[in-house]
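Convention: sequence-line order gives letters A, B, ...; per-chain numbering from 1.
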Protein chains: 2
Amino acid sequence: MARIKTDKNISRKEVIVSKAATLFREKGFKAASMRDLAEAVGVEAASLYNHIKSKTELLHELCFSVANRFLHKMDEVEAENISNIAKIEKLLRFHINEMIYHYEEVYVSDREWKHLADPYLSNFQNQRRIYRKRFAAVIEAGIRTKEVKKIDAPTAVLIMLHAISGIESWHRSTQKISAAELEENMVTILVGGLTNP
Amino acid sequence: MARIKTDKNISRKEVIVSKAATLFREKGFKAASMRDLAEAVGVEAASLYNHIKSKTELLHELCFSVANRFLHKMDEVEAENISNIAKIEKLLRFHINEMIYHYEEVYVSDREWKHLADPYLSNFQNQRRIYRKRFAAVIEAGIRTKEVKKIDAPTAVLIMLHAISGIESWHRSTQKISAAELEENMVTILVGGLTNP
DNA sequence: AAATACCGCTAACACGTGTTAGTTGATTAT
DNA sequence: ATAATCAACTAACACGTGTTAGCGGTATTT
């Protein structure tokens with residue numbers, strides 16, 4: 001009876017959650033079955049339930065761990081004493097790096113949150129709405145100080161956040177430019193598009 | 001025995017495909033059941049099969065009708081005798097309007113194509129890859145003529161296309177700016193981000 | 001009016017799903 | 001060494017899924 005492999009400091013549950021992220025990204029939450037997940041982990045489906053409560057619990061864990069990281073970063077950036085454009089760029093670079101280095105989780109949180117069940121669903125939608133408002137507020141501050149073009153701030157936020165999810169295509173492409181180049185290109189275009197010339 | 005209502009020139013199949021688009025957008029292809037669809041159409045699930053071959057056929061129809069519209073527009077724009085920036089802007093505006101006025105279909109084609117079965121899946125992915133290459137080629141031409149900043153063209157394409165899918169959020173938001181304003185804001189930011197100052 | 005194609009219904013199937021119960025071997029603590 | 005906890009297994013269930021068969025009524029054509 002071979003147990004799930006664990007390095008020290010990585011619980012078996014964390015292994016499962018991590019494999020779930022990969023699977024949910026590849027097939028979508030609904031299409032990924034617990035038997036698929038079990039196979040990926042190297043175990044029978046029923047055995048997973050010694051470590052987790054339900055399939056949806058896996059989705060909660062993924063969605064909220066990502067959401068919390070972003071909210072935490074927002075706290076941090078808002079508190080800094082730098083220009084608004086600098087704040088926007090910092091948030092942008094954070095998003096880009098999250099999407100590059102925590103691809104699976106971030107992607108799943110972005111695309112599959114619809115399948116959350118309802119105390120969690122509303123909660124998650126709320127957190128998102130608040131996050132976007134705070135992002136928009138930074139842009140609006142930038143508009144008032146004339147750093148940023150006169151544009152509709154919520155629209156700008158929506159462009160930023162969705163543009164970043166395009167990094168998915170970068171991950172899948174065979175001829176990738178480097179992560180650093182990708183980051184610089186995205187910043188050039190997006191910050192460039194906002195900045196008042 | 002009440003039949004599916006049809007205006008003249010709209011076949012019952014088209015009614016089904018259209019309702020399917022809405023449903024697939026709301027719940028995702030895999031989570032949307034034929035019984036759900038039947039209810040939306042006002043009929044029993046089995047009756048749908050008098051008009052369609054399978055659930056996946058609905059997805060084919062949606063995905064390829066959208067893909068064909070974009071490829072057709074690309075043909076048109078490539079042939080025009082205008083600056084590269086103008087071509088980019090035209091393509092962009094077309095994408096934006098498609099996402100505004102054919103929301104359900106375009107959204108489904110964008111997010112749910114993974115669930116296509118394999119002769120269609122590869123076909124669709126191919127068409128996508130080709131479309132993006134042609135888009136990138138326009139941008140590269142713009143870079144050579146110095147209309148466009150020196151950036152990685154595939155990255156620029158990926159930003160454009162994904163930014164536009166953010167219009168989903170606009171559709172869901174309660175306090176919408178007008179469609180025209182949305183279009184102008186997006187063009188300002190995205191074309192502005194590309195153009196050489 | 002008769003014939004034919006259309007289109008809805010009910011019933012049912014085979015299968016894949018998430019999950020639970022109960023058990024047994026492996027690991028850890030006393 | 002013994003006890004206790006952990007984590008794997010097998011078996012099974014209840015249910016939702018896409019889809020088919022076959023029937024009967026309703027439009028449409030002749």
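- Across the protein-nucleic acid pair, K27(A) atom NZ and dG16(C) atom P stand 12 Å apart, rounded to whole Å.
- At whole-Å resolution of the value, OH in Y49(A) and P in dG22(C) are 18 Å apart.
- Shown here for V108(B) and A21(B), the closest heavy-atom pair between the two residues is CG2-O, 3.4 Å.
- Within the structure, a side-chain polar atom (N or O) of S47(A) is placed less than 4.0 Å from OP1 or OP2 of dC9(D).
- Separating the CG atom of L37(B) from the P atom of dG18(D) is a distance of 9 Å, rounded to the nearest angstrom.
- Taking atom CG on N50(A) and atom C1' on dG22(C), their separation rounds to 12 Å, with Å as the unit.
- Rounded to whole Å, the distance from CD on E39(B) to P on dG18(D) is 14 Å.
- Contact annotation: R12(B) reaches the phosphate of dC7(C) (side-chain N/O to OP1 or OP2, under 4.0 Å).
- Side-chain N/O atoms of H51(B) include one lying less than 4.0 angstrom from OP1 or OP2 on dG8(C).
- Aromatic ring centres of H95(B) and Y131(B): separated by under 6.0 Å.
- Rounded to a whole Å, the CD1 atom of I16(B) is 14 Å from the P atom of dG18(D).
- Spacing between atom NZ of K55(B) and atom P of dT17(D) amounts to 9 Å, rounded to whole angstrom units.
- In terms of phosphate contacts, S33(B) brings no side-chain nitrogen or oxygen within less than 4.0 Å of OP1 or OP2 of dG16(D).
- Residue-to-nucleotide proximity on DNA chain D shows that, of A46(B) and D36(B), the 5′-proximal contact is made by D36(B).
- Nearest heavy atom pair, residue E168(A) against residue M99(A), reads N-CE, 4.0 Å.
- In terms of polar N and O atoms assigned as donor or acceptor, the side chain of R35(A) never comes within less than 3.5 Å of the base of dG16(C) in a complementary pairing.
- In this structure, the nucleotide among dT19(C), dG8(C), dT10(D) sitting nearest to the side chain of S54(A) is dT19(C).
- The aromatic ring centres of F24(A) and Y107(A) sit 6.0 Å or more apart.
- Listed nucleotides dT19(D), dC9(D), dT20(D) differ in distance to M34(B); the shortest reach to its side chain belongs to dT19(D).
- Contacts of A32(B) with the nucleic acid, taken as non-hydrogen atoms under 4.0 Å apart, involve only primed sugar atoms and P, OP1 or OP2.
- Rounding to the nearest 0.5 Å places NZ of K73(B) at 10.5 Å from CZ of F70(B).
- Rounding to whole angstrom units, CZ of residue F24(B) and C1' of dG18(D) are separated by 12 Å.
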